[in-house]
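Have a look at the structure below before the remarks.
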Amino acid sequence: MDKYYVTTAIDYVNALPHIGHAYEKIAADILARYYRLQGRDVFFLTGVDEHGSKVEKAARLAGMQPQQYCDLMSEKFQQAWAKLDLSYNYFIRTTDERHVTVVQKLFRQLKDNGDIYKGSYSGIYCEGCEDYLRERDLDADGNCPSHKQKPRQFTEENYFFCLSKYKDKLRQWLSSGDCVVQPESRRREVLKQLDDAELSDFSVSRSRSSLTWGIPVPDEPEQIIYVWIDALANYLTGVGYLTDPDCLSRYWPADLHLIGKDITKFHAIYWPAILMSAGLPLPKRIFGHGFITVEGQKISKTIGNVVDPICLVETYGADAVRFFLFSATPFDQDGDFSKQDFINKVNAELANNLGNLLNRTLTLVERYCGGKVPARAPENNLREASNEVSVVVDKHIESLEFAKAIEAIFALVDETNKYLNDEKPWALFKDNKTVEGETVLLTALEILRRVSLCLYPFTPQLASEIWYQLGYHTKIETLAHGDDFMWELIPAGQLIRNKGPIFKRIDSSCVD
RNA sequence: CGCGGGGUGGAGCAGUCCGGUAGCUCGUUGGGCUCAUAACCCAAAGGUCGACAGUUCAAAUCUGUCCCCCGCAACCA
């Protein structure tokens, strides 16, 4: 069976999840659900990054021990993801014991391979930020821009990864046209960064004096493994590297690393180099998606426009949030979340177009066909149109153009609403043209069946509800027969269940 | 000359690579229908496609110059 291993970035737990975090996880979930429905053997990994000085600092501010704080935050993330109906197979935490083992063994492996060497790292550290800065971050006076104080210069012994050794191989890989890094503009950017002299061997550990909350270098507790190896290795831990060889060989390499555009460099340069050194196959695809702004502004705690996904879901439902985020925004570019647009879009598409189509169709079936799916052949033109939609959706999902996939689905919904208006089945039945009327209704039902399948990855609850009202006793997510079920027909004689609106319109006056 | 994204009817966007009647959604106005969730369908109004210049029979689309907005430093995917 064709496997599909998709990962997301793991989020720092120094703050609560916001809509930007959710965006990427939902994208991964859409893919996971879509390919499961296609019958593929899917593994969807997400999780949190719990190490680092920022987390330690956040814990201290909260008056907790780091581990205690991480347990709490990790729980919060999982709660949020549950609310959003994320169907991940494993939630990784970098404090997991087995991850600690993986990171240490990986470190040792790279070192044994001669790719990690001891060097001296010099940097600058701002006491106010409690963080490392870069020279170019400083203001004109050489001060930290936030704290207006001179940062502390320091030099310490620590370990470096020999990136320079892999630059040629990386260049080759990135140029191989194997659609490795996407979007294309990001691939070119990364290729350019490879030629940058500033991109040299990078530090992979810190001394305990500057970083305590992390995984120690094996046999050298005074050195703590720095973020790159620790965080990136989660993709290996998640599928059982060193602990479950069967799982590893089943899923590795990843088919897709889904990441924010800001960390493309680490995934497209550092990570493959580490894998090369470890002698592991490289990921097939890395996609750096755009960010979500809120009401036209960057998500920022200072501005105070952080949107809490849990709150959003509790108010509007997971489907509405999932749907809006991916219908309104091209995935490779930045998109905006505006409450007014959100309500407009969701009401128009989910309630008015789709919900009402289902509702009017089922009411007609109840009234004129005794609530049973008529035994007729569907009309060919619309049936072909819906065949086409499946193909188009497949293509767009493959290229991660979610908005285009949704657009194609709703074009079919619109067409079907128009079809009912034109064919007027209620009039056909009144004129005793029963065969014609039944054909029209069967066609609409059949399209609704396909729409619910196509929509399932995006709006699982809504799709399941349509599936249920169409009279199925099976659960939509248990279907996994590859393509064939897509081309079947809704069974004649099946009793439909008209349970009223599947999506209640949001009252736009309740915008705060 | 630091890098990148963007400026298209009231709002949000597509189209720009591979020049050829400017398209979609929402909103507005008028009409239709009554199966349906004040829904659905039809029609109309509304744009010198940031500015200027150039290439061309023809430019939103190619070339050049310029203007404006937003990221790239911090909390932050």
Side-chain angles (χ1 to χ4, degrees), chain A residues 8-12 14-15 17-25 27 49 54 57-58 126 128-129 131 133-134 136-139 144-147 184-186 188-189 192-193 196 258-263 288-294 296-306 327-330 332-336 338 340-345 347-368 403-404 407 410-411 413-430 437 440-441 444 498 500-505 508:
Chain A
T8 69
I10 50 174
D11 304 308
Y12 270 120
N14 60 345
H18 59 60
I19 195 167
H21 296 108
Y23 184 54
E24 175 181 293
K25 311 317 180 231
D49 184 353
K54 277 182 187 169
K57 189 165 105 184
C126 171
C129 303
D131 205 357
L133 305 178
R134 291 170 299 183
R136 68 162 188 260
D137 297 342
L138 303 181
D139 65 18
C144 164
S146 330
H147 297 89
E184 174 63 16
S185 58
R186 291 250 117 68
R188 283 199 301 265
E189 191 176 61
K192 214 166 90 182
Q193 285 169 340
D196 190 341
L258 212 50
I259 53 166
K261 60 181 184 179
D262 58 333
I263 51 174
H289 62 77
F291 285 166
I292 292 292
T293 55
V294 172
Q297 286 183 303
K298 184 176 162 176
I299 295 172
S300 152
K301 286 176 194 164
T302 313
I303 297 171
N305 63 347
V306 177
S327 66
T329 298
D332 58 341
Q333 287 174 37
D334 289 358
D336 187 49
S338 130
Q340 194 58 61
D341 286 354
F342 166 72
I343 291 172
N344 286 347
K345 181 93 182 170
N347 280 348
E349 302 289 14
L350 298 184
N352 296 352
N353 290 341
L354 177 60
N356 185 45
L357 174 64
L358 178 74
N359 202 211
R360 64 195 298 210
T361 304
L362 294 185
T363 301
L364 286 163
V365 171
E366 268 183 336
R367 193 165 306 168
Y368 298 108
K404 288 187 180 174
E407 194 186 331
F410 277 84
V413 172
D414 286 348
E415 207 179 332
T416 310
N417 265 321
K418 178 174 158 48
Y419 170 71
L420 290 183
N421 277 53
D422 292 347
E423 299 302 323
K424 303 179 176 53
W426 54 91
L428 291 172
F429 285 110
K430 279 172 190 160
V440 171
L441 293 187
N498 188 4
I502 48 165
F503 187 87
K504 291 206 178 59
R505 201 176 293 106
S508 63

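Nothing here was measured: the structure is a model prediction, and the numbers come from that model. Per chain, numbering begins at 1; letters A, B, ... match sequence-line order.
At the heavy-atom level, A:Asp334 lies nowhere under 4.0 Å from the strands shown. Across all strands shown, A:Ile292 has heavy atoms under 4.0 Å from base atoms, whether or not it also approaches the sugar-phosphate. Across all strands shown, A:Tyr368 has no heavy atoms under 4.0 Å from either base or sugar-phosphate atoms. Nucleic acid contact class of A:Ala351 (heavy atoms, under 4.0 Å, all strands): base.
Side-chain nitrogen and oxygen atoms of A:Asn353 include at least one within less than 4.0 Å of the OP1 or OP2 phosphate oxygen of B:rC40. Residue A:Lys54 has a polar side-chain atom (N or O) positioned under 4.0 Å from OP1 or OP2 of B:rC75. A:Lys430 has a side-chain polar atom (N or O) that falls below the 4.0 Å cut-off from OP1 or OP2 of B:rC35. Taking side-chain N and O atoms only, A:Asn352 has a distance below 4.0 Å to OP1 or OP2 of B:rC40. A:Asn14 has a side-chain polar atom (N or O) that falls below the 4.0 Å cut-off from OP1 or OP2 of B:rC76.
Proximity note for A:Lys418 (side chain, C-beta onward) versus B:rU34, B:rC42, B:rU37: the nearest is B:rC42. Which of B:rA14, B:rC35, B:rC76 sits closest to the side chain of A:Leu364 comes down to B:rC35. Relative to the side chain of A:Lys298, the nucleotides B:rA14, B:rC35, B:rC76 differ in distance, and B:rC76 lies closest.
Taking the P atom of each, B:rU63 and B:rC70 are spaced 26 Å apart, rounded to whole Å. Taking atom P on both B:rC3 and B:rG20, the two are 31 Å apart, rounded to the nearest angstrom. Of the P atoms belonging to B:rG6 and B:rC17, the separation is 14 Å, rounded to the nearest Å.
Protein atom CD of A:Glu349 is 9 Å distant from nucleotide atom P of B:rU25, rounded to whole Å. Atom P of nucleotide B:rG5 and atom CD of A:Gln297 are separated by 22 Å, given to the nearest angstrom. With rounding to whole Å, A:Arg360 atom CZ is found 8 Å from B:rC41 atom P.
Paired runs in RNA chain B that reach 3 or more consecutive Watson-Crick or G-U pairs, where each pair keeps both distances under 3.5 Å, cover B:2-7 with B:67-72, B:10-13 with B:23-26, B:28-32 with B:40-44, B:50-54 with B:62-66.
A donor-acceptor contact closer than 3.5 angstrom links the side chains of A:Asn498 and A:Glu366.
Nearest-nucleotide mapping onto RNA chain B: of A:His21 and A:Lys424, the residue sitting toward the 5' end is A:Lys424. Along RNA chain B, the nucleotide closest to A:Tyr23 and the one closest to A:Arg186 are compared, and the more 5′ of them pairs with A:Arg186.
Applying the 3.5 Å distance criterion, the base of B:rC76 shares no donor-acceptor pair with the side chain of A:Ser300.
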